[in-house]
There are 2 protein chains.
Amino acid sequence: MLTNALSPAQSMPARGFRAEEFEPHGLDEHWSGAPVRRLEAKEHIFTEGDQRTHIYRVEKGAISLYKIMPDGRRQILGFAYPGDLIGLGACEEYKFNAQATKLTELKGLRWAAIQNSARHDPELALKLYEAISLELAAAHDLLLSTGQRSALERVAAFLLAMSRRGGGRDRVVVNLPMTRADIGDFLGLTIETVSRTFTKLRQLGIIGLAQSASVHVLDIGALQELAEGGRA
Amino acid sequence: MLTNALSPAQSMPARGFRAEEFEPHGLDEHWSGAPVRRLEAKEHIFTEGDQRTHIYRVEKGAISLYKIMPDGRRQILGFAYPGDLIGLGACEEYKFNAQATKLTELKGLRWAAIQNSARHDPELALKLYEAISLELAAAHDLLLSTGQRSALERVAAFLLAMSRRGGGRDRVVVNLPMTRADIGDFLGLTIETVSRTFTKLRQLGIIGLAQSASVHVLDIGALQELAEGGRA
DNA sequence: CGTCAGGTTGACGTCTATCAACTACGGTGG
DNA sequence: CCACCGTAGTTGATAGACGTCAACCTGACG
């Protein structure tokens with residue numbers, strides 16, 4: 001029911017929430033009229049410190065949300081998939097950057113409008129509250145990964161979480177709309193370690209790697225065991 | 001203005017929010033009537049999976065919020081100080097454990113009551129939304145630490161964040177109401193690494209360590225540089 | 001066919017975990 | 001009063017996991 005990033009034992013998409021299940025009802029009408037915006041890969045929706053004018057909903061593609069340090073180190077906080085909302089944080093400025101990982105379409109709503117509605121519509125306000133509390137749960141799960149899990153465990157947890165995105169739970173074929181660099185910066189690993197770990201999982205017969213962007217999950221049980229530290 | 005855990009460049013307490021600045025006005029009246037509950041060190045308020053019956057406000061002491069893996073690895077998500085709220089997540093069950101790090105007092109409010117009020121009071125609902133979005137920002141900052149920063153950088157960022165708790169900004173004497181083990185599990189380090197890093201900071205003349213629970217910040221500029229990766 | 005971004009693999013280095021010994025402190029009880 | 005014990009913290013030696021540097025491969029695209 002929740003929307004955690006790296007919680008393989010639970011049943012949640014990796015960030016934000018599935019529109020059909022959790023979208024604030026009070027937002028539906030607003031979205032229908034909103035114009036579609038198209039982004040090329042690597043194009044930004046907004047960057048940290050920008051005035052927080054809109055909230056966005058991903059229609060197609062995928063968005064990475066990330067923070068970056070002065071020396072270039074980057075931490076991806078999550079990936080937003082179609083149906084996910086972006087920019088819910090209640091503050092004057094965006095607190096992170098949002099960038100398309102591939103060709104992406106999204107809709108935007110003026111925050112001022114949402115805020116006005118919410119001031120007279122407790123239902124809507126509570127929906128915002130619920131939506132963001134799902135994001136918090138996702139952040140907490142990712143925190144458990146980056147803080148405590150080994151590289152193998154992190155990648156296993158990541159693949160499990162990804163296998164549960166996009167509706168059908170525990171899909172055999174998982175599509176990864178992001179690069180190895182993105183995965184690395186999400187999990188707190190380097191490109192090389194991510195690549196090596198994928199290879200190890202393939203050698204163990206747990207996954208298949210037809211193309212690098214498409215993973216076949218062959219043994220989901222093993223993946224779950226690994227993610228929970230069943231064996232190091 | 002925000003409440004981030006490890007964002008030394010910004011000015012926020014480590015988790016939750018300062019009551020006098022951010023507490024939902026609609027909650028004030030509720031709290032005044034609530035009974036005080038006293039907890040010994042290591043006593044739990046609730047554990048993961050418990051029915052989410054109350055939200056709590058810390059009055060004295062400190063609470064650690066943590067997740068734990070089957071094999072005992074623990075990730076502390078944050079520390080709640082006096083004025084901070086606990087258990088805001090919008091779901092049926094608590095998603096983490098809450099445990100006193102020392103003798104602590106807190107007040108609790110039945111969630112059902114808050115929820116009922118919020119359904120008719122958009123102001124209150126929006127306050128909940130704002131409160132939890134601050135927690136999300138805190139989680140994101142911690143994520144940047146555990147995912148990207150070195151041990152030295154993490155401890156520097158942690159000390160900076162702690163120096164900004166408790167009202168007076170950039171206090172020279174910082175009190176740490178948690179053990180080295182707690183700090184380690186918060187930052188994704190071991191006790192030994194935390195201890196060694198404190199020693200290194202002392203040898204560098206950046207902090208003073210009279211007692212292990214009380215840190216004197218001697219050179220806050222150096223701490224900031226370290227936290228942002230100024231020099232590795 | 002050349003170029004470039006993305007991905008894989010190998011050799012090596014290093015940061016931090018692990019294992020272990022030791023100190024300091026506080027409480028408890030003889 | 002002091003011996004004893006448990007918890008917390010520090011420090012040292014060692015090992016291992018992951019990062020770094022580098023070569024190479026692949027596929028897309030002009």
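Within every chain, numbering begins at 1; the chains are lettered A, B, ... in the order of the sequence lines, protein sequences first and strands thereafter.
Between Arg196(B) and the phosphate of dA13(D), there is no side-chain N or O to OP1/OP2 separation shorter than 4.0 Å. In terms of phosphate contacts, Ser150(A) brings no side-chain nitrogen or oxygen within less than 4.0 Å of OP1 or OP2 of dA17(D). In this structure, Arg149(B) does not reach the dT16(C) phosphate: none of its side-chain N or O atoms is under 4.0 Å from OP1 or OP2. For dT10(D), one of the phosphate oxygens OP1 or OP2 lies less than 4.0 angstrom from a side-chain nitrogen or oxygen of Arg180(B). Distances shorter than 4.0 Å separate some side-chain N or O of Thr193(A) from OP1 or OP2 on dG19(D).
Note on ring orientation: taking the six-membered ring where Trp is involved, the planes of Phe46(B) and Tyr94(B) are parallel (angle under 30°, cut-offs 30° and 60°).
Using a 4.0 Å heavy-atom criterion, one finds that Lys42(B) contacts the sugar-phosphate atoms exclusively. Thr190(A) comes within contact range of at least one nucleobase, with a heavy-atom separation under 4.0 Å. In this structure, Gly184(A) reaches neither bases nor backbone, as no heavy-atom distance under 4.0 Å exists between it and the strands shown. In this structure, Ser212(A) reaches the sugar-phosphate backbone alone: every heavy-atom distance under 4.0 Å involves primed, P, OP1 or OP2 atoms, never a base.
Distance, Leu189(B) CG to dT18(C) P: 11 Å, rounded to whole Å. In this structure, Gln203(B) places its CD atom 11 Å from C1' of dT11(D), rounding to the nearest Å. For the pair Asp185(B) CG and dG9(D) P, the interatomic distance rounds to 12 Å; values are reported in whole Å. In this structure, Ile191(B) places its CD1 atom 9 Å from P of dA8(D), rounding to the nearest Å. Between Glu192(B) atom CD and dA21(C) atom P the separation is 14 Å, expressed in whole Å. Rounded to an integer number of Å, the gap from Arg202(B) CZ to dT10(D) P is 8 Å. Between the CG atom of Leu209(A) and the P atom of dG27(D) there is a distance of 14 Å, given to the nearest Å. Atom CD in Gln148(B) sits about 17 Å away from atom P in dC15(C), given to the nearest Å.
Residues Ala34(A) and Leu109(A) approach most closely at CB-CD2, 3.9 Å, considering heavy atoms. When all heavy atoms are compared, the tightest approach of Phe96(A) to Tyr66(A) is CB-O, 3.4 Å. Between Asn97(B) and Lys67(B) the shortest heavy-atom distance is ND2-CA, 4.2 Å.
Taking the side chain as every heavy atom from C-beta outward, Leu223(A) and Leu159(A) approach each other to under 4.5 Å.
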